[in-house]
Structure formats: C-alpha cells, structure tokens
Amino acid sequence: MNIIIGITGGIAAYKIPMLIRLFKQAGHEVQCVATDHALQFVTRLTIETLSGRRLYSGLFEESNERSTEHIALKEWGDELLIAPATANIIAKMANGIADDALSTLTLSFTGTTKPVYICPAMNTQMLEAPATRRNIEQLRKDGITIIESGCGELACGAVGNGRMAEPEEIYNNVIPCKIEPLKGKKYLITAGPTYERFDAVRFIGNYSSGKMGYAIAESIAEKGGDVVLISGPTHIESKHSRINTIRVESAREMYATAIEHFPNCDGAILTAAVADYRPKTQTDHKIKKKGDEGLTIELIQNPDILATLGSMKKGCQMLIGFALETDNELANAQKKLSKKNLDYIIMNSLNDRGAGFGVDTNKVTIIRRDGSVTEGSLKSKKEVAEDIVALLK
Ligand code: C5P
C-alpha cells in the first residue's frame, strides 16, 4: 500500500520515525509531507532515510519534480494519514484552507474517495476548545477517521487527554489486517436483565436479551482484549476464550461482582438493564393466592452500578454507559453522563424502530464527555458493537 504521512508541528512528531518503520517493515511504501513547524521537531534527514523517499515540504521547492506535486501525490497515495494533527491543520481541513504543501495536498486528497485519517495531538484545553471540537466534528461528518488521542502525560507537564495515539495503534487503524489493538487490555461488561426475586418461584425482570452486551464482549475479544462479562439471566452463550463470563441473577449480585473486578480493568461498558428496584422481602416459599384483596409488594431501590464505578474510576480508566430514553432524550442522556462521571454515553431511543430490547438491530447516538454527539444509523448489533469498541483505548 502507498501511504502518505502528513506531519505537523507537535512534539508527538518524534514518534513518526517509528511509525514509518512499522509501515516499511510490513512492506508498505511511505511518502512523508511535513509542515515547516514539523521540521522543528523531526529532521528531514531522519524522515528521508527511513522512508527512502524525498520529503515534500514546500509548494515551491526547487527539488519538487513538478509544480503540481500535491496533485501527483494525491494520485500516488492509497491513504492519507495526518500525524500528529495539530489544532491548526484540523482547523484548516475543516474549512478547506490550502496555503502550504500539506494543506494543499490534504484538500485535494479529501476530494477523492480514498481514506483519510487524522491523529489529533495537543494540550487538553486546546483539544476541548469549542472551535477544535467543532472542527473535529466537521471532519467526522466529512468522512475522515479520527484516531482519537489518549489520556496521559503531555509535553506541557499536565496529565490529560490530547496525547497522540501510539504508533502501533495508528498502524492497526490504518492497516486493518493487523487486528489486535486491544491486546493486553481488559474490560468489564455487564449484559442482560436482572431478576429480582420475591418468592420461591417468582421474580420481577425485564425484556433485555443481553445481545448488545454479548456483541460488545465478542468484539473486544476479537480485537485481542480480555473481557469480564457479568451477565444477567439470558440464553446467549459466549464461547470466546478471552471472555470470562460470570453469571448473576440480581442487581445486587451484579453490583458486588462489578466492583470487585473494575479496579483490575482498563474500562467498563455497562449495557445491562438493571432493575432500579427490588422487592423489600423475599420468601423461600411460594406466596399463596390470598383472594380478592390483591397482593402488594413493597419495592426498595437497588444500588446504581454505573454511578458507583464512576465514583471509583481512576487515571485513564474508561467508563461507558447506556441510556434508554423515551423523552427529552439528548438532555437526559447528557445529564446522566456528567452525573455518573462517564466518558461516553450510548443513547438508544424507544422511539426508533428496530432499536432496543430483543431485536438484532440497534440505532444509537454516541455522546462524548466534551458534549459532541454522533448520531448513528440503524445497524446490526454487531456493527454497533464495533462502533462502541472503537472508542476504547
Ligand atoms: O440511570 P439509568 O438506569 O437510565 O442508566 C442506565 C445505565 O446505567 C446503563 O448503562 C445501565 O447498565 C446502568 N445501570 C447500572 N445500575 C443500575 C441502573 C443502571 O449500572 N442500578
């Protein structure tokens, strides 16, 4: 494959030589294009030696083979990857500005149907600035793949989001045949309904099938990650060797198992339809029919597993919850995201046909902590699972 790497002026540019080596070792051709600022962080000599090709960095350089190098490169490249992508190049791309070699190439390349990837890398506040968020959202709408930055130590000394994805992770996104991006990671998933028993043979439950949670667990395992799957009662079985399924019945059992395992995990995705209330008393015998006066069962509140994990969350642990809303959907989901200290909330709406309990399809909206929202289309639960798992680091 012919890969064009556009390098812009961020400290993470020092990792690009390693990325070039990964591509070259796997037999791909790499052409680098750098901004002037990028060349303050990484040298022309290093890039040209590793890629085996002359670096393209100025529209009017004498060494350019032709005056329309950016058009020739657009033809040559199979994929364009901008790494690191500064707030500046992101803003230019979102607005179609073409004022140097890289932005000119980028504009012409995004006019083709070939894949374009960007790896944002910057200080947390720059990343969370409204303009950057708007621009990244625009690029997403334009069909550009964002290889999200991670949380960690930044060049300014602060710890936060904005650290460029590691070369291996970038490689795995751009060359899809090497597919174990979650190797070494472990995630906790809750799935299915809970049953809240009130006598020897009866319980209060719900219609959740567990399909969404199991699909997410499978997708993580396929990408090399380990999974602790805490499952309420369901007929589904997971056979993947990297999925450790722990079967529970009630919300309290699910809660105890989740808080035991969460500290050893890199994150959690809670899809279970947990009963908010349980019967205050449970009897070991079957409650007898009493006649005309009816039967009253007093309910008390169950613990909120998601909110508890939100309060336990440490460092870069990622927490994703689901919200099944019927009205004021977006506002309610956003409120839940911040109240429960989540990184993402996945919103289903009961108003959407084909979404929700039991069915094999789902339609979700992904809401991020920074307030940005991506509305998905109706897809199989497997495809939705892939979209959600792509959010994991
Ligand atoms: O607040 P609400 O119940 O709508 O939140 C839904 C999300 O919270 C889902 O991710 C669900 O798995 C989780 N949840 C939980 N424990 C509860 C109730 C909900 O983990 N007791």
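Because the structure is predicted, anything quoted here is derived from the model rather than measured. In listed order, ligands and their atoms are each counted from 1. Throughout, numbering of the chain's residues begins at 1 and tracks the sequence.
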*So, Asn302 side chain and Ala275 main chain: donor-acceptor pair closer than 3.5 Å or not?*
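The answer is yes, because a donor-acceptor pair under 3.5 Å joins these two groups.
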
*asked:* With heavy-atom distances below 4.5 Å as the criterion, would you say the side chains of Leu270 and Ile320 are in contact?
replied: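 Leu270 vs Ile320: side chains apart.
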
*asked:* Set out, in order, the CA-CA distance, both residues' side-chain angles and the distance that settles side-chain hydrogen bond (donor to acceptor under 3.5 Å, both in side chains) for Gln138 and Asp142, then state yes or no.
replied: CA-CA 6 Å; Gln138 183 59 51; Asp142 292 344; 3.1 Å; yes

_For Phe41 together with Tyr14, are the ring centres under 6.0 Å from each other?_
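Judged by ring-centre distance (under 6.0 Å), Tyr14 and Phe41 do not meet the cut-off.
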
*Quickly, which of Lys379, Lys382, Lys211, Lys381 forms a salt bridge (Lys or Arg N to Asp or Glu O under 4.0 Å) with Asp360? Name it, please.*
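Going through the options one by one, the only one that passes is Lys211.
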
Donor-acceptor pairs under 3.5 angstrom involving side-chain atoms of residues 30-39: please list them, not counting sequence neighbours.
| unit_1 | atom_1 | unit_2 | atom_2 | d |
| --- | --- | --- | --- | --- |
| Gln31 | NE2 | Arg54 | O | 2.9 |
| Thr35 | OG1 | Ala38 | N | 3.1 |

For ligand 1, list all ligand N or O to protein N or O distances below 3.5 Å, rounded to 0.1 Å.
| unit_1 | atom_1 | unit_2 | atom_2 | d |
| --- | --- | --- | --- | --- |
| ligand 1 | 1 (O) | Lys340 | NZ | 2.8 |
| ligand 1 | 4 (O) | Lys336 | NZ | 2.5 |
| ligand 1 | 5 (O) | Lys340 | NZ | 3.2 |
| ligand 1 | 10 (O) | Leu270 | O | 2.6 |
| ligand 1 | 10 (O) | Phe322 | N | 2.8 |
| ligand 1 | 10 (O) | Phe322 | O | 3.4 |
| ligand 1 | 12 (O) | Leu270 | O | 3.3 |
| ligand 1 | 12 (O) | Ala272 | O | 2.7 |
| ligand 1 | 16 (N) | Ile305 | N | 3.0 |
| ligand 1 | 20 (O) | Leu306 | N | 2.9 |
| ligand 1 | 21 (N) | Pro303 | O | 2.9 |

